[in-house]
Amino acid sequence: MAPRFTEGEKIDVGFDGKRCIHSRNCVLGHPGVFVPNAPGEWIHPEAGPVEAIVLIAQTCPSGAITYRRKDGGEDEQPPVVNIVRVRENGPLAFHAEMEIDGEPCLRATLCRCGASSRKPFCDGSHTKAGFAATGEPATKDAPATLEARDGKVTVTPMPNGSLKVEGNLEIVSGTGRTVDRATRVFLCRCGHSRNKPFCDGSHKAAGFEG
């Protein structure tokens, strides 16, 4: 599903409800532009400066908020380093030039508890499910560096299985420590792996349906 854009004179603001994790980054960042629980339209691009809206979009953890500049300014560029951050008791937070099931994006929070109703995206179900998984997994014997650290990343949710991630990627702990560097990796999304965030095949015994 493509985001729905609200048009403004200098910037259009997009919102994809399927990907939103309700971090409230937008409504706290500029409550005049993003007005929660409002009747009718809740995004008002004319109510704030362009640069403030750009900053909010670029710090939206789920990538639910996006933008299209119309003032001649530069649109968001892919990161210099592709990363996925392992959130404590929570999702996998990607920042990369990605395609997820064929949809392009630069940010996404993907479920790793297995309980989301919007798989592969997180919907916050990990909190209600009491999902427990460290954000500080052990450091692997990873290459000291990759030949390249940016470029296209393809994320493919395997049928009733893991997330297959192909492309240059650094897997980072919640405190910013590099856990692994890889060009192809399988990450757990059923919540049952004994080697989180990596898949160990536990989805089969757990009867995971993705």
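Numbers here are sequence positions counted from 1. Only this structure's heavy atoms are used, side chains among them; waters, hydrogens and symmetry mates stay out.
The shortest distance between side-chain heavy atoms of Cys26 and Cys60 does not fall below 4.5 Å. Side chains of Val86 and Leu92 form a contact here, defined as non-hydrogen atoms less than 4.5 Å apart. Taking 4.5 Å as the limit, some side-chain heavy atom of Pro120 sits within range of a side-chain heavy atom of Ile100. With a 4.5 Å cut-off on side-chain heavy atoms, Val165 and Val84 do not count as touching. Counting heavy atoms from C-beta on, the side chains of Met98 and Cys105 come closer than 4.5 Å. A 4.5 Å side-chain heavy-atom check between Phe94 and Asn82 finds every atom pair outside the cut-off. Residues Arg189 and Pro157 meet the side-chain proximity criterion, which asks for heavy atoms closer than 4.5 Å. You'll find the side chain of Tyr67 stays beyond 4.5 Å of the side chain of Ile56, heavy atoms only.
Across all their heavy atoms, Ala132 and Asn89 have their closest contact at CA-OD1, 3.3 Å. Among all heavy-atom pairs drawn from Cys113 and Phe131, the shortest one is CB-CG, 3.5 Å. Nearest heavy-atom pair, Leu169 versus Ile83, reported as atom, atom and distance to 0.1 Å: CD1-C, 3.8 Å. Minimum interatomic distance between Ile171 and Val185 (heavy atoms only, all atoms of both residues): CD1-CG2, 4.2 Å. The minimum heavy-atom distance between Ala129 and Ala115, with the atom names listed, is CB-CB, 4.3 Å. Contact between Val27 and Pro36 at its shortest, heavy atoms only, is CG1-CD, 3.8 Å.
The existence of a salt bridge linking Arg4 and Glu41 is confirmed by a sub-4.0 Å separation between a basic side-chain nitrogen and an acidic carboxylate oxygen. Taking the charged nitrogens against the carboxylate oxygens, Lys152 and Glu97 have no contact shorter than 4.0 Å, which rules out a salt bridge.
Using modelled atom types, one side-chain atom of Ser62 and one backbone atom of Arg19 make a donor-acceptor pair closer than 3.5 Å. Lys196 places a side-chain N or O within donor-acceptor distance of the main-chain N or O of Ser193, the cut-off being under 3.5 Å. Side chain of Asp150 to main chain of Pro79: no donor-acceptor pair is present (N/O by atom type, distance under 3.5 Å, no hydrogens or angles). Side chain of Lys18 to main chain of Arg118: no donor-acceptor pair is present (N/O by atom type, distance under 3.5 Å, no hydrogens or angles). Panel note: side chain Arg149, backbone Asn168; no donor-acceptor pair is recorded below 3.5 Å. Between the side chain of Gln77 and the backbone N or O of Asp75, at least one donor-acceptor pair lies under 3.5 Å.
The line from NE2 of His126 to OG1 of Thr109 is 9.0 Å long, rounded to the nearest 0.5 Å. With rounding to the nearest 0.5 angstrom, the CG atom of Leu110 is 10.5 Å from the CD1 atom of Ile21. Once rounded to the nearest 0.5 Å, the distance linking CD of Gln58 with CD1 of Ile53 reads 12.5 Å. Rounded to the nearest 0.5 Å, atoms CG (Asn25) and NE2 (His22) are 13.5 Å apart. How far NE2 of His192 is from SG of Cys199: 12.0 Å, rounded to the nearest 0.5 Å. Interatomic distance, NZ of Lys119 versus CG of Leu163, reported as 11.5 Å (0.5 Å rounding).
Ring geometry for Phe15 versus Trp42: interplanar angle over 60°, hence perpendicular rather than tilted (30 to 60°).
Other residues, nucleotides and ligands place more than 12 heavy atoms under 6.0 Å from the NZ atom of Lys70. Other residues, nucleotides and ligands contribute over 12 non-hydrogen atoms within 6.0 Å of the CZ atom of Arg177. When the shell of 6.0 Å around CD of Glu147 is examined, it contains 12 or fewer heavy atoms from other residues, nucleotides or ligands.
Of the options Arg68, Arg107, Arg69, a side chain to side chain donor-acceptor pair (under 3.5 Å) to Glu76 is made by Arg107 and by none of the others.
A continuous path of Ile, Leu, Val, Met, Phe, Trp and Tyr side chains, each step under 4.5 Å between heavy atoms, connects Val54 with Ile65, placing both in one hydrophobic cluster. Put simply, Val155 and Leu187 are part of the same group of oily side chains (I, L, V, M, F, W, Y) that touch within less than 4.5 Å, one to the next. Val81 is not connected to Leu146 by any chain of hydrophobic side-chain contacts under 4.5 Å among Ile, Leu, Val, Met, Phe, Trp and Tyr, and they are in different clusters.
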Item to complete: Give the intermediate values and the outcome of side chain to side chain contact (heavy atoms under 4.5 Å, CB included) for residues Glu9 and Glu46.
Response: CA-CA 7 Å; Glu9 181 181 350; Glu46 303 305 318; 3.6 Å; yes
Item to complete: Run the numbers on Val13 and Phe5 for side chain to side chain contact (heavy atoms under 4.5 Å, CB included), then give the verdict.
Response: CA-CA 5 Å; Val13 181; Phe5 279 88; 5.8 Å; no
Item to complete: Please assess Val172 against Arg85 for the test side chain to side chain contact (heavy atoms under 4.5 Å, CB included), listing each intermediate value before the final yes or no.
Response: CA-CA 5 Å; Val172 178; Arg85 194 176 297 273; 3.7 Å; yes
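Side-chain atoms of Thr154 and Glu166 form no donor-acceptor pair, as typed in the model, at a separation below 3.5 Å.
Taking the centre and axis of the six-membered ring of Phe198, the NZ or CZ atom of Lys140 falls inside the cone set by 45° and 6.0 Å.
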